[in-house]
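In the text below, chain A, chain B and the rest are named by the order of the sequence lines, each starting its count at 1. All figures in this text were calculated on a predicted structure; none of them were measured in a lab.
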Amino acid sequence: MWRWLHPYAKPETVYHLLGRWLPWVTAGAVLILGGGLVWGLLFAPADYQQGDSYRIIFIHVPSAMFSMSIYVSLAVAAFIGRVWQLKMADWALAAIAPVGAVFTFIALFTGAVWGKPMWGTWWEWDARLTSQLILLFLYIGVLALYYAFSDNRTGAKAAGILAMVGVINIPIIRYSVEWWNTLHQGATLTVFERPPMANSMLFPLLTCILGFALLAAALIFQRMRTEILRQELRRPWVKNVLQVSPTTGEQR
Amino acid sequence: MTQPANWSALTAVMRRDLMVVMRRRSDILNPLLFILIVVSLFPLAVGPGPDILGRIAAGVIWVAALLSALLGSERLFREDYLDGTLEQLTLQPQPLALLAFGKIAVHWLLSGLPLVILAPVCALLLKLPIAGWSTLLATLLVGTPILSAMTAIGAALTVSLGRGGALLSLLLLPLFIPLLIFASGAVEAALVGTAAWPQVLLLAGLSLLTLLLAPFAVAASIRVSVN
Amino acid sequence: MTQPANWSALTAVMRRDLMVVMRRRSDILNPLLFILIVVSLFPLAVGPGPDILGRIAAGVIWVAALLSALLGSERLFREDYLDGTLEQLTLQPQPLALLAFGKIAVHWLLSGLPLVILAPVCALLLKLPIAGWSTLLATLLVGTPILSAMTAIGAALTVSLGRGGALLSLLLLPLFIPLLIFASGAVEAALVGTAAWPQVLLLAGLSLLTLLLAPFAVAASIRVSVN
Amino acid sequence: MQFESWQAFIEMGGYGFYVWLAFGVSFLAMGLLVVQGLRARSKLEREFVQEQQRQQRLARRQQEVS
Amino acid sequence: MSTLLDVQQLASQRAGRTLFADLSFTLNAGDVLHIEGENGAGKSTLLRSLVGLVELQAGTIRFFPEQLPFAQEWRQHTLFMGHKPAVKAELTALENVRLQAQLTAVANVDAWQLLETVGLLGLEDLPAGQLSAGQQRRIALTRLWYSKAPLWILDEPFTALDTRGIDLLQQRFAEHTAQGGAIVMTSHQALTWRPEQLKRIRIQGGEL
Amino acid sequence: MSTLLDVQQLASQRAGRTLFADLSFTLNAGDVLHIEGENGAGKSTLLRSLVGLVELQAGTIRFFPEQLPFAQEWRQHTLFMGHKPAVKAELTALENVRLQAQLTAVANVDAWQLLETVGLLGLEDLPAGQLSAGQQRRIALTRLWYSKAPLWILDEPFTALDTRGIDLLQQRFAEHTAQGGAIVMTSHQALTWRPEQLKRIRIQGGEL
Ligand code: HEM
Ligand SMILES: Nc1ncnc2c1ncn2[C@@H]1O[C@H](COP(=O)(O)OP(=O)(O)OP(=O)(O)O)[C@@H](O)[C@H]1O
Ligand SMILES: Nc1ncnc2c1ncn2[C@@H]1O[C@H](COP(=O)(O)OP(=O)(O)OP(=O)(O)O)[C@@H](O)[C@H]1O
Ligand SMILES: [Mg+2]
Ligand SMILES: [Mg+2]
């Protein structure tokens with residue numbers, strides 16, 4: 001069943017394949033996300049309860065959404081790397097994790113900033129907030145382990161194991177936090193009660209979500225290419241790739 | 001490959017580790033005293049008001065458990081790695097996961113068990129209301145093995161790095177958090193009079209699951225580190 | 001024997017230790033993250049009610065300081081002892097106490113300094129009332145060097161024993177207790193509006209004294225351990 | 001267009017500080033991510049060139065020796 | 001003359017350098033294979049890759065009797081000793097020997113006898129860390145006296161031993177090969193004993 | 001011919017056994033003192049007690065020039081290398097060499113040159129822990145190439161080195177003694193070099 005993957009599993013092939021897609025994905029990300037944000041900031045109506053502060057939603061919600069799905073993809077990559085001994089899946093950790101970590105950070109930060117006008121506090125030990133914070137720590141842990149080893153391959157394998165252990169924990173964390181918080185205090189601070197969203201707000205939001213997805217893909221592709229090169233630095237094919245433009249990096 | 005050989009290797013690993021730590025009989029007391037001291041730090045740090053103390057008691061005892069697990073983590077594999085024991089272990093005919101289980105068990109004996117034993121004293125020192133005692137004990141009993149197993153995974157992953165505890169703690173503490181929440185939540189529940197057993201049962205289930213899976217994760221990590 | 005030679009040896013010791021821990025530039029973050037995680041453990045353990053959190057905040061941050069000192073303690077001398085670096089250090093022409101001072105400084109850089117830097121964030125996370133912030137910062141600044149110095153003494157004494165952290169903590173924690181009492185007392189004073197500077201000054205005095213004497217104690221302990 | 005003036009757009013109905021802080025930091029973070037990615041790539045290229053030069057140096061020295 | 005080990009076209013790279021490539025050899029009962037090479041040539045890497053401690057670049061390794069299917073089975077037929085002695089400094093010589101034997105699942109070793117054989121009698125109660133360098137090596141080497149593994153893979157077994165110790169060890173090697181065992185070893189010192197079936201392989205090491 | 005070291009009636013006990021007693025010798029410029037003895041005889045103990053790492057039972061040790069009054073002064077005139085290499089596995093060869101030199105307060109060593117001398121060029125960027133056993137020893141041995149100490153005290157300097165490495169080291173020994181230095185060393189391997197002023201002392205070791 002994995003046989004069909006085989007020709008694609010060659011680092012060189014993947015490198016060039018990603019290189020071919022990268023410009024398109026990047027262009028799409030810039031256009032769609034830019035459009036979505038302009039739409040959201042300039043044209044969407046103000047919220048009748050929150051006024052214009054709600055416009056933070058156009059970054060907060062997409063980044064929060066993808067912060068979690070990216071972690072799942074991280075674990076899937078680690079699993080493939082472990083079970084099918086696909087080195088490149090392990091390397092993908094290094095491409096995926098930083099993007100996920102930054103998305104998580106953005107969700108946290110925009111949430112905190114939004115919380116100040118809405119809830120009157122920057123930080124609250126609310127279930128969602130807490131689990132997002134832990135998610136950030138998990139990302140950083142995977143990254144720290146990946147780069148802690150001087151031998152790239154060993155680092156990739158070790159981080160893969162950690163990513164898998166971490167993902168088993170994600171639902172547990174989620175559940176525990178949710179449950180812990182409601183026990184201690186009533187639902188005074190649940191993430192805001194919103195009226196059913198008007199289309200004039202929903203459509204820019206959906207555009208932004210799509211834009212974030214493309215952005216994540218573009219970032220990951222670019223990093224994956226670098227990572228493939230790093231891991232294969234001493235292989236002959238890399239010599240060809242890098243010597244096309246030894247100094248300027250035109251070939252990127 | 002036969003059962004008895006596996007068993008003797010498991011006990012050999014455990015006996016060796018225990019002997020190294022307890023060259024002297026008096027060393028058995030060290031983990032106990034460590035926990036006592038950590039727990040008695042808190043009344044000093046937060047002031048002795050019984051109302052506050054009682055409310056944070058379960059949390060504090062659980063934090064002490066995490067710390068005692070973390071403090072014992074470096075010794076789990078590091079010296080074995082440096083002196084070549086770890087590579088010999090990977091070459092034994094017994095499954096490495098079995099030997100890893102032995103390591104986890106030793107870690108628990110040296111960090112988890114003392115806490116379980118001392119829990120009543122700690123509860124007394126921190127003025128935990130009586131209603132919470134049995135639940136606290138139950139959570140410790142089923143929860144500390146999870147700590148040991150997770151610590152072993154982290155320690156095995158970082159053993160070849162030799163970089164002090166900061167990286168290790170970074171990896172482990174997020175994984176410990178659910179445990180902390182469930183456990184202190186259970187005691188809280190007992191204190192306010194609602195049923196604590198669902199959480200305790202949940203912890204027990206998690207514990208079993210972890211003990212079943214962790215040895216394999218540890219074994220895989222050791223193989224990665226020894227390379 | 002000349003001043004510059006002493007200076008270069010001191011920096012060499014410090015640079016070596018720092019490099020071992022921070023192979024990469026990004027490793028600088030690890031101690032910071034460790035502190036953040038430890039501090040965020042507490043709200044999870046004791047529940048998020050802001051009234052409780054604020055009252056125990058200073059104590060918790062100080063307990064985190066102790067722990068981060070203890071966790072870094074094994075790495076202070078143990079590997080140097082095992083690989084022969086420690087015996088080379090005792091044979092250098094420079095006074096061993098000077099090199100010991102270097103070790104203490106590194107330990108502080110890796111465990112005390114991150115805490116001082118992150119203190120505002122920690123205070124925010126734990127909802128410490130604004131009135132206590134400056135005092136907390138002051139106590140940390142003058143108090144954490146004492147922690148590092150004491151830890152170094154304990155670590156040097158136990159380095160040849162190879163017996164994990166429990167014995168070490170046992171030696172050290174009683175020494176830390178006065179520190180904890182003064183520091184959290186000072187913050188408490190600031191919170192209720194009385195003068196905190198007497199305690200802070202006292203801590204500063206203690207700190208100077210310790211930093212002056214500890215290197216000699218560490219040097220003597222190293223010589224005993226290397227034998 | 002929801003805002004009458006540039007000024008109103010900046011003020012965001014009184015929430016300007018929060019909205020622009022959130023957007024600013026988010027874009028800063030993403031920008032740093034992009035820059036870091038590109039720099040990692042060019043660092044790799046530099047390393048590669050250095051490595052090649054080192055190989056040549058070593059080869060030359062080996063020839064001198066023999 | 002039965003074959004114990006068959007190695008075909010082994011290749012290994014470390015940090016981008018090819019240490020050896022296309023290395024093939026067969027080991028029969030009674031063989032002693034002395035692997036030679038300069039510091040950093042790749043001798044230890046070769047031995048470690050034979051037992052699976054290092055990943056191989058290419059090549060096949062077959063242990064005989066081949067009907068043994070699992071990794072765990074051939075492990076029982078192989079004894080590996082690397083540069084590090086795996087002796088616990090905190091435990092006494094006696095404890096070290098006993099626990100090591102239990103770990104390798106050999107029941108009923110006479111630890112006292114073993115200590116006498118390697119010349120450590122009278123020192124059994126000292127923590128191994130306080131013994132001299134050669135004495136610590138001797139503790140590790142006791143494994144050779146009770147191991148039932150036919151294939152021994154020894155990395156620099158003579159390190160830190162005095163001449164009497166080296167002679168003792170070579171005697172044991174002779175016994176082992178006479179009983180149908182085989183030995184793969186490295187050493188920078190020449191053997192003073194002349195095995196009947198001595199093979200040598202020289203590894204050149206990679207180009208820098 | 002100036003005297004560098006004068007040792008009178010040294011005695012040492014370890015764990016209740018007398019390792020040596022009444023040991024006296026003098027070391028002049030150009031001398032090589034080879035201390036012999038079986039494993040556990042007490043060679044390392046002797047060397048370590050010369051530099052004060054082990055407490056003496058009895059005897060006097062005098063370093064010359066004697067007008068140097070403080071312990072710190074003779075330390076600058078002595079270089080000791082024991083069984084353990086004091087090489088940090090986490091640091092690269094280059095970093096190890098540089099930091100070691102700074103520690104011994106020798107300014108301006110050319111670390112690259114040193115690495116080339118001991119044959120490690122091209123490996124300077126690998127963490128020392130990944131180098132081969134002999135290569136790690138070589139890192140530690142670079143100290144011999146810049147040390148200004150006249151008296152060298154070396155415990156088993158040939159461990160893990162290949163024959164070329166041993167030759168290189170002996171060359172350096174010859175240079176050192178020719179310049180008026182002196183060497184106290186132990187080794188279970190015979191010297192292949194014949195120093196002009198070779199002395200031997202054989203330690204019998206205590207009765208068990
Ligand atoms: C540090 C603070 C905050 C964090 C870490 C945070 C985190 C999250 C997360 C993880 C999600 C889930 C996205 C998903 O399930 O796909 C989310 C969704 C959301 N958040 Fe936040 N949040 C924070 C503060 C806020 C604040 C203050 C508000 C508004 C008052 C807010 C409004 C929303 C909304 C409207 C959603 C979408 C809900 C949905 O579609 O289910 N968040 N946030
Ligand atoms: N884990 C590793 N990562 C990268 N390179 C390694 C690793 N282990 C060994 N090497 C490299 O492989 C080469 C061979 O090392 P090896 O230990 O096999 O040499 P050796 O022949 O045993 O030498 P010695 O005689 O000194 O023991 C060395 O140059 C070393 O730098
Ligand atoms: N710290 C110690 N405590 C007690 N006994 C010790 C200590 N160090 C060494 N000994 C004993 O002293 C004796 C001599 O040890 P030493 O290391 O000097 O031997 P050596 O001649 O160097 O041997 P080798 O050739 O094996 O290196 C040994 O029997 C050892 O048990
Ligand atoms: Mg080797
Ligand atoms: Mg010796």
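The contact between Leu82(B) and chain E is made entirely by backbone atoms, counting heavy-atom distances below 4.5 Å.
Side-chain contact between Val87(E) and Asp83(B) is absent, with no heavy-atom pair separated by less than 4.5 Å. Residues Asp80(B) and Lys88(E) have side chains in contact (heavy-atom distance under 4.5 Å, counting atoms from C-beta outward). Using a 4.5 Å cut-off on side-chain heavy atoms (C-beta onward), Gln100(E) and Gln88(B) make no contact.
Around CZ of Phe216(B), the count of heavy atoms belonging to other residues, nucleotides or ligands within 6.0 Å does not exceed 12. Around atom CD of Glu175(E), more than 12 heavy atoms belonging to other residues, nucleotides or ligands sit under 6.0 Å away.
The backbone N or O of Ala89(E) sits nowhere less than 3.5 Å from a side-chain atom of Glu79(B) that would complete a donor-acceptor pair.
With salt bridges taken as basic N to acidic carboxylate O contacts below 4.0 Å, one links Arg48(E) and Glu87(B).
The two atoms that bring Val51(E) and Leu91(B) nearest to each other are O-CD2, 3.5 Å, heavy atoms only.
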